[in-house]
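Lettering of chains follows the sequences in order, A, B, ..., and the numbering in each one begins at 1.
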Amino acid sequence: MSDKAPIVEMRKISKTFPGVRALSDVDFRLYMGEVHAIMGQNGAGKSTLVKVLTGVYKQDSGEVLLEGKPIKPDSPLAAQKLGINTVYQEVNLCLNLSVAENIFIGKEPMKLGRIDWKTMNRKAAEVLARLNITVDVTRTLSSYSIAVQQMVAIARVLDSSAKVLILDEPTSSLDDSEVEQLFKVIRKLRDEGLAILFITHFLDQTYQISDRITILKNGDFVGEYKTDQLPRIELITKMLGKELSEFSYSTNNEDKAKASAKARKDISAVLQVKNLGLEGSIEPFDLDLYQGDVLGLAGLLGSGRTETARLLFGIDSADQGDIFIKGKKSSISSPRHAMMAGIGFCSEDRKNEGIFAELSIRENIILALQARRGVLKYISMKKQLEIAEDLIKSLGIKTPSAASEAKQLSGGNQQKVMLARWLATNPIVLILDEPTRGIDVGAKLEIMEQILNLSREGLGVIFISSEFEEVLRCSTKISVLKDKAMIAELNGEEMTESGIMRTIAGGR
Amino acid sequence: PKQWVVGFSQIGSESEWRTADTKSVQDAFAGDPTFVLIYSDAQQKQENQIKALRTFIARKVDCIVFTALVETGYGPVLQEAKKAKIPVIMIDRDVQEADRALRLTIMGSDFVKEGEKAGTWLADYLKKQSMDDGKTPIDIVELQGTTGSAPAIDRKTGFANIMKQHANWQLTRSQTGNFTTSEGKAVMEAFLKADPKIQVLYAHNDGMALGAIQAIKEAGLQPGKDIIVIGVDGVKGAFQAIVAGEQNVTVECSPLLGPQAVQAVSDLRDGKKLPGRIWTIEGIFDASNAAAALPTRQY
Amino acid sequence: MKARFSINSRNLPTLFTLGLFVIMFAVGSLSFPGFLSPQNFLNLFIDNSYLLILGVGMTFVIISGGIDLSVGSVLAFSTMLSSSLLEKSHWDPLLVIPVVLLAGVALGLFMGYIIQAFDLPPFIITLAGLYLARGLCYVVSIDTIGISNQFWQDAAHAQWNVIGQNFISPSVVIGAVVVIAGVFISRSTKFGRTVYAIGGNEQSAILMGLPVARTKVMIYGLSGFCSALAGIVFTFYTLSGYALNGKGMEMDAIATVVIGGTLLTGGVGGVFGTVFGVLVYGTIQILIVFQGTLNSWWTRIAIGFLVFLFCLLQRVFESRKVGKAKKPEAKVPAKSPS
Amino acid sequence: MAWWKYVSSRKIFWPLVALAVLMAFNLFFTPKFFRIEVKEGHLYGNVIDIIKNSAPIMLLAIGLTLVIATKGIDISVGSIVAISAGVVAMLLGGDLLGVPKYPIWIAMGTAILVSVLAGMWNGMLVSRIGMQPIIATLILSVAGRGIAMVTTNALIVWLYIKPFRIYGQGYLLGLPFSLYIIAVLLILTALVTRRTALGLFIEAVGINPTAARFAGINAKNIIFGVYAFSGFCAGISGLIVCSTVMSADGNNAGAGYELSAILAVVLGGTSLNGGKFYLLGSMVGALIVQTLTTTIYAFGVPPEIAQVVIALVVLVISLLQSGKFRTMIAGFFGKRELAI
Ligand SMILES: Nc1ncnc2c1ncn2[C@@H]1O[C@H](COP(=O)(O)OP(=O)(O)OP(=O)(O)O)[C@@H](O)[C@H]1O
Ligand SMILES: Nc1ncnc2c1ncn2[C@@H]1O[C@H](COP(=O)(O)OP(=O)(O)OP(=O)(O)O)[C@@H](O)[C@H]1O
Ligand SMILES: [Mg+2]
Ligand SMILES: [Mg+2]
């Protein structure tokens, strides 16, 4: 394979943003019929490399060759015309259009000079079926969850007869079965001769699907390796620049946390929910969260985890049931109420519901704390910087300064900013909906460590993740959801991956 | 007599003058129980006015009274009125020559004549004060009404007609003040700075003249003495300014057309023939007669 | 079956507007003699065809997330240009029409290009366009120019009977053609769908590889075309060119589009809604004329009040709809584990 | 060239450049434009006029800046100016001897109160009922003029009350009195928005309303508040307009001011898409708009082409503000520093 000429070759690419050297002299080669993974920490420059290749950014120096000829695409449209199809990291679709249109817009099937809606809808359903998704393709995309949206973004590029396919963290909010489905399709395309560039932070997935790995670190090119010749531990070391064992995280610790949480069960419940529900959204459920508990919500895509979180945070108002915080009945009818009562919530949709793109990182971080203190009790600039810089440091947010705009951060770092925002408020209960989405291995461990630390200090955490493994690792107990209902709570020994799967398969 | 429904389409309520006109017509018809007046305000939009006329026809009124926003453009709808056998009486502003066969009569004032009256008054005044030797240039500035509007164009034309007879009168500056007091003031402020020896101000309406008077005062000059101030319309504020010696003259353009309009419509109903043009009686007021007239001014 | 229902539900705001229009018309009919007549209904179209045409162009602009404040002035400019070419230069009408339309398109493309190429706010650039076109009117002439050209006269006076003695004018037909074309473009062409995509999320549209730059420029060109065409229809209506025509008409056009259910934030709405928006706007005006005793100032208050009432009802209905539609939406993504 | 980079990246820089360019034009082409004399104990000249006459727009722009920062717009301010002017004039009364009907402070207080109520009405429609800002405020912009005329009985009310002159025509220490009103309001607004978290909340709501709600900000109250404040500013603006001409004209007072004020805000660097706002920039924007008008009067541009001139100047100023345009020009002259 490698003796053939590469279809895409990027030579000595450099790209600087104000204050940040995102790429310096990076080489990259992509061959036909291979899946090539790019690995690196948050902010290593992966997305930037992709955007240079597809004409979103113009490199400062270096050249891009396609089939041996230099190309200079000046827009995604130009790249598309050259046969390069891309799914960008943040879901970039139009929520106001139908699912089918999002897949086909720009290349709609035409009949007699007009768009052939019937064929389009049929084909869209077919493409999605290949990914095992059955949705009403005539509905607007906004009525579906982030996960479905991500599948639609993927479906959009699968459809065409491209030469190169680029997927920037396509799996970050998919569950295992979806990922498996996606990989089936990717393998098929690879065998058909497509060149596929794949970015993910999941090591398992990298090893499952990729043939070759390019590692970036801090914008520098570290090396290009055959996947089967690069042991995991080496990969991590090369990515992070240090041994994984340097991280303080250990299972031992975790067990202690779980044990101590159990011991404290007789202490106080921070959050109790009785028969809370909303018709059409989630069926009534009970929930007890004690100090130091980490409650994991496990379930498949669309099982109602996000809805549960929205209800608890007052985004949707329940039509029945009660919420008690520290034993006191609280009427939570808006996020503001929830926040004042000591609940924090990191949304899974960071682009639309989390990040203020044009505000500085400092402002993004202190916003919730400030809202909690009220308009008048302005946090002094000095204090703000202190808080922000503290969190930037402790979460390892990669940025030139706290004054940079949030939109200049890489995806994973934006996610950390959202987490920082809620940590700054010192909540009693913290709800995290896919907080590890798009976060690199190192940082993921750090974040989970943070969560455990917080719970040790008496915080109650509700943790939602599509990765059962993560849920299992963090949680002191797990609620399993299915079809918009909480079907079981797992404790102690029951908390295993197969336990969860069995519950989902068997229950109700 | 049998009750008549009269449709009245007014062009808008852009000025105090216009409001007085509307009120006069409404009051006059309200005073006669044999009439029902349907009133429509076009808000300065010809299209609205045509819509209103069309609606009057749909409503089968007995007679239409209306003021044309511009001269042109009413042909088709007047044709429809004619087809529906509804007589049309114009007040204040007429339609263009070609469409005049479609209306019965016009009553109101003549803007060109108003401009001429203003010019003639100035000539007389300068002669009386022996300020004009026919050679020394007389510096005149002009505050125009809304660019493109009929009164602005005609009042400018009328005044220019008189200026042509006086070779030494020179129009040093002319700018639009959009018929409003505040713009009149702002424009005059700029004029005064650019050209300190202005002798005469001719404003297309009293509102702008009154604004300009304030600008003149702020410049440390005496309006009415250092600069002769001429306005048009004859609103109450202008009378007060004349009495105070700050404005020199206002050329009346009477808006009180109501009684005449009622008379005309009654005549029509009685089957009398109307003259093709009904003139309103309008005066010109300066220091000699303004004080006497002030108490009777209605608007 | 399912597909049909969901398309309907997307059209709901438009249907509410239609329903409210029917209610308003019914209230008028019950209150005033002569209100309920076929001709009075047809008059709505005769008297508002120019607004309808402006509205169609404006709908595209607003769906793309932009705004065009220049439409009233461009309309005025094309009345001046056509009357001046006809009466002063004595051009052939068949030449005048394309020239005027081209001038409108050129103005629109010019604004669109500046907005797109230099990333400037449409509000400001089209505001400059508003001044520019208005100024050009005065450059042509500050006087009104009556049109005596036979072709124009015929177009202005023509009345085509449709139902018995009730008639429509050629402008109504032009308006109808524009609406049909507008519906077709917005629903069945790539250009039209790209407009929606840009309004939904411009950044995404670029990343999806849509021709955003070209489309944005073209949208303003299309609006310029509609404004110029509306100007020609307006001269059929008034048989004259007048520099002060169409003052403030941009707000009328925007209001009809928004009342028709199109969101100013872009991405949502459609040409059909605008038709009903125009009908509602027209009906409000007729109602006030029929009422006939309001003073000038009360007229304004009444217009404001009716617009308020209408928008309020619209909001009430819409929030009801959202409440009800929630159920099916949440259920759809559910799927069985594999 | 670090200083150049620093200076040119300030948001206020390019509006100031635009203003300077306009001024420079007058320096060369409009005779006596910059002459300032002392007349009757105060400064007198075109520049003073510009400051004085831009006062009403500046006041509106302060309120509108905040409204626009929340991604809203308020096109009713012109009508609120007319209402405020009408209310104060009716309460003062047109007595020829200059005796006010009610004490001046009561008249002014009532006018401002009514304006705030008008602003609250807008705020309610936008924040509670959820109407689109342009339509919500269109309602009051149409009806408001009617209300103004009802208050004045559709007549122009002329005032002869000497002490009331000060707000629009008076001078303090040689400078227009209105300048001090603006300074006070501007400083207060800046303090309240920048020394509390209000400014940050306003920007957050403008940038991402959903995220703002999820961060626990009461977006509705903030939106309600900025419209009420815009009404307040329009109310004060109305008082100055009334005092400047010592009359209240329900038809024409404040007509078209909304567009000038929005233009001022946008020229000053605040985006109509909401988010970051620049109060000082808006003030510079208002000065640009007024300088343009005064230049047209002073230079003697004939009214027939004045609009074309305004259009071209607005276009040029906008282009100057566009980073893309500057990059293009810089590329043209081969100078890289110009581009940011
Ligand atoms: N538009 C921009 N302006 C300024 N800096 C930027 C911009 N885009 C990216 N950067 C910076 O460039 C660096 C590389 O970002 P990039 O998005 O390529 O990272 P990544 O490897 O994709 O990270 P992640 O795994 O978090 O998605 C980061 O430090 C980021 O802050
Ligand atoms: N009232 C609402 N308004 C807007 N969006 C909603 C509303 N309720 C739910 N959603 C969206 O619908 C999606 C469906 O929720 P879903 O059942 O998929 O949650 P989940 O189990 O967390 O699934 P996942 O996180 O894997 O997408 C959610 O992601 C949420 O964003
Ligand atoms: Mg990335
Ligand atoms: Mg979820």
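Chosen from C/Leu136, C/Asp119, C/Val139, C/Ile124, the residue pairing most often with chain D at heavy-atom distances under 4.5 Å is C/Ile124. Most heavy-atom pairs under 4.5 Å with chain D: of the set C/Ile125, C/Ile142, C/Val307, C/Val258, this distinction falls to C/Val258. Ranking D/Ile134, D/Ile75, D/Leu138 against chain C, the residue ahead of the rest is D/Ile134, based on heavy-atom pairs under 4.5 Å. In terms of heavy-atom pairs under 4.5 Å with chain C, the best-connected choice from D/Val309, D/Val314, D/Ile135, D/Ile305 is D/Ile135. Of the listed residues (D/Ile73, D/Val313, D/Asn251, D/Ile262), the greatest number of heavy-atom pairs within a distance under 4.5 Å of chain C belongs to D/Ile262. Per-residue heavy-atom pair counts under 4.5 Å with chain C were compared for D/Leu272, D/Ile310, D/Val150, and the maximum is reached by D/Val150.
Side-chain contact between D/Val67 and D/Tyr227: present, with at least one pair of heavy atoms (C-beta onward) separated by less than 4.5 Å. Contact check for D/Arg326 versus D/Trp14: side-chain heavy atoms found under the 4.5 Å cut-off. Using a 4.5 Å heavy-atom threshold, the side chains of D/Asp74 and D/Val226 count as separate. Counting heavy atoms from C-beta on, the side chains of C/Val71 and C/Val74 never come closer than 4.5 Å. Under the 4.5 Å side-chain criterion, counting only non-hydrogen atoms from C-beta, C/Thr79 is not in contact with C/Ser240. Taking 4.5 Å as the limit, some side-chain heavy atom of D/Leu315 sits within range of a side-chain heavy atom of C/Phe110.
Residue contact with chain D, scored on non-hydrogen atoms closer than 4.5 Å, involves the backbone and the side chain of C/Leu263 alike. Contact of D/Leu319 with chain C is made through backbone and side chain together, with heavy-atom distances under 4.5 Å. D/Asn273 does not touch chain C: none of its heavy atoms, backbone or side chain, sits under 4.5 Å away. Looking at D/Ile147, the atoms closer than 4.5 Å to chain C (heavy atoms on both sides) sit in the backbone and in the side chain alike. Residue C/Leu120 touches chain D through its side chain alone, counting heavy-atom pairs closer than 4.5 Å. With a 4.5 angstrom heavy-atom cutoff, C/Ala117 touches chain D only via backbone atoms. If you measure heavy-atom distances from D/Gln132 to chain C, the contacts under 4.5 Å come from the side chain alone. Residue C/Leu312 touches chain D through both its backbone and its side chain, counting heavy-atom pairs closer than 4.5 Å. For D/Leu140, no part lies under 4.5 angstrom from a heavy atom of chain C.
Environment of CZ in D/Phe13: crowded, with over 12 heavy atoms of neighbouring residues, nucleotides or ligands closer than 6.0 Å.
Distance alone, capped at 3.5 Å, places no donor-acceptor pair between the D/Ser230 side chain and the D/Gly63 backbone. Looking only at distances, no side-chain donor or acceptor of D/Ser322 sits under 3.5 Å from a matching main-chain atom of D/Ser318.
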Item to check | Step-by-step side-chain contact (heavy atoms from CB on, under 4.5 Å) determination, C/Phe60 to C/Val271 | outcome: CA-CA 8 Å; C/Phe60 282 91; C/Val271 171; 4.1 Å; yes
